[in-house]
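Residue numbers start from 1 in every chain, and the chains themselves are labelled A, B, ... in the order their sequence lines are given, proteins ahead of strands. Note that the structure is predicted; figures quoted are calculated from it, not measured.
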2 protein chains.
Amino acid sequence: MMIDDAAVRLEALGNPTRLKIYRSLVRAGHSGMAVGKLQASLDLAGSTLSHHLKALVIVGLVAQERQGTTLICRANYEMMRGLVDFLVAECCVDACECAPAEAARS
Amino acid sequence: MMIDDAAVRLEALGNPTRLKIYRSLVRAGHSGMAVGKLQASLDLAGSTLSHHLKALVIVGLVAQERQGTTLICRANYEMMRGLVDFLVAECCVDACECAPAEAARS
DNA sequence: ACGGTATTTCCAGAATTATGGAAATAATGT
DNA sequence: ACATTATTTCCATAATTCTGGAAATACCGT
């Protein structure tokens, strides 16, 4: 994952409301969760929720599928895994014990 | 890690400039990097860099230590690990599709 | 077509963030 | 004390984000 892609995804998750939305979707698992149910469970104005969901969808962290009048939202686990992998790679450039190549392990 | 703590750290990393700053510090390893060196390598106004560093320090992702007139900055690996653990935990609450790459079921 | 439910878009205001020049502070050496 | 280097704080401005009411759109059953 490119650094700017990572940044936009981190930014999307970096809002408390959006992080709660995302967490709800993760917890909902495979079957996902309808927008309306999210709205009830998180107690947000519909338009506010819609804006936040859009932000998550745009960066690929959430996918949506229409089922009649309701819109099912699902967490994109693979995208999250890519993000975590990016962070781990950044965090552990020097992997075990975090020692840079030139500064041997102490 | 509490969800709001995770959110503020994600937000801190969710700015492209700050993510690049953080990455530079991670790559600098445990010896860290002086503010001035960061400034030269990232080509930022001093005040801008100082603001971003402060944001990273406040959320605990970066630590600073004075050495004479220069200020050494270091990535806080443990904090990042806590953040990654949070994300993995959120991601794998239900289904384990976001587990470590090699463990993913097809 | 109509009525109802679900969701988004439009619009606007308030709040926050990003940026950087200029002045201030910090630390050191002479 | 003074000069020098390193960094921050003060200040302002432009840009972006967050929020939600109201209107619009989407979909379905009858």
A.B. asks: Nearest whole angstrom, please: distance from the P of D:dT17 to the CG of B:Leu10.
C.D. replies: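 Whole-Å distance recorded here is 16 Å.
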A.B. asks: Search all heavy atoms of A:Gly82 against all heavy atoms of A:Met1 and return the closest pair with its distance.
C.D. replies: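 Of all heavy-atom pairs spanning A:Gly82 and A:Met1, the closest is C-CE, 3.3 Å.
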A.B. asks: Measure from CD1 on A:Ile72 to P on C:dT5 and round the result to the nearest Å.
C.D. replies: 18 Å
A.B. asks: Is it true that, when you exclude B:Gln64 itself, more than 12 heavy atoms of the residues, nucleotides or ligands shown sit nearer than 6.0 Å to its CD?
C.D. replies: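 Yes.
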A.B. asks: Which atom names give the shortest non-hydrogen contact between B:Cys73 and B:Val62, and what distance separates them?
C.D. replies: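 Here B:Cys73 and B:Val62 meet closest at CB-CG1, 4.1 Å.
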A.B. asks: Over how many whole Å does the gap from B:Met33 atom CE to D:dT7 atom C1' extend?
C.D. replies: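 Atom-to-atom, B:Met33 to D:dT7, this comes out as 16 Å.
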A.B. asks: Answer yes or no: is there a donor N or O on one side and an acceptor on the other, between the side chain of A:Arg9 and the main chain of A:Val59, under 3.5 Å?
C.D. replies: yes
A.B. asks: Rounded off to whole Å, could you give me the NE2-to-C1' distance for the B:His51 and C:dA22 pair?
C.D. replies: 12 Å
A.B. asks: Search all heavy atoms of A:Tyr77 against all heavy atoms of A:Gly29 and return the closest pair with its distance.
C.D. replies: OH-CA, 3.3 Å
A.B. asks: Looking at A:Gln67, does any N or O in its side chain come under 4.0 Å of the phosphate oxygens OP1/OP2 on D:dC27?
C.D. replies: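 A:Gln67 to D:dC27 OP1/OP2: no side-chain N or O under 4.0 Å.
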A.B. asks: Round to a whole Å and report the spacing from CG of B:Leu53 to P of D:dT9.
C.D. replies: 11 Å
A.B. asks: What is the distance from NZ of A:Lys54 to C1' of D:dT25, rounded to the nearest Å?
C.D. replies: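 Distance check: A:Lys54 NZ to D:dT25 C1' gives 14 Å.
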A.B. asks: Kindly check if the number of other-residue, nucleotide or ligand heavy atoms within 6.0 Å of NZ (A:Lys37) is above 12?
C.D. replies: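 Check fails, neighbour count at 12 or below.
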A.B. asks: Under 4.0 angstrom, heavy atoms only, what part of the nucleic acid is B:Ser50 near: base, sugar-phosphate, or nothing?
C.D. replies: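 Result for B:Ser50 = base.
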A.B. asks: Could you state the atom-to-atom distance from CG of A:Leu71 to C1' of D:dC27 in whole Å?
C.D. replies: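 Distance check: A:Leu71 CG to D:dC27 C1' gives 11 Å.
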A.B. asks: Do any N or O atoms of the protein come closer than 3.5 Å to N or O atoms of nucleotides 13-18 of chain C, and which pairs are they?
C.D. replies:
from: C:dA18; atom 1: OP1; to: B:Asn15; atom 2: ND2; distance (Å): 3.0
from: C:dA18; atom 1: OP1; to: B:Arg18; atom 2: NH2; distance (Å): 3.3
from: C:dA18; atom 1: OP2; to: B:Arg18; atom 2: NH1; distance (Å): 3.1

A.B. asks: Are A:Ile72 and A:Met80 connected, step by step, through hydrophobic side chains (Ile, Leu, Val, Met, Phe, Trp, Tyr) whose heavy atoms are closer than 4.5 Å?
C.D. replies: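 No, it is not one cluster - the side chains of A:Ile72 and A:Met80 are not joined through contacts under 4.5 Å.
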A.B. asks: What is the distance from CD of A:Glu65 to P of D:dA26, rounded to the nearest Å?
C.D. replies: 19 Å
A.B. asks: So which heavy atom on A:Leu44 is nearest to which on A:Leu49, and how close?
C.D. replies: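 Answer, listing the atom of A:Leu44 first, then A:Leu49: CD1-CD1, 4.1 Å.
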A.B. asks: Which one, D:dC27, C:dA26, C:dC11, comes nearest to the side chain of A:Arg66?
C.D. replies: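 Selected nucleotide: D:dC27.
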A.B. asks: Indicate yes or no for a side-chain donor-acceptor contact from B:Arg74 to the backbone of B:Leu25 under 3.5 Å, with no hydrogens or angles considered.
C.D. replies: no
A.B. asks: Can you sort out which residues in residues 35-47 of chain A have a heavy atom within less than 4.0 Å of DNA chain D? Ascending by number, please.
C.D. replies: A:Ala45, A:Ser47
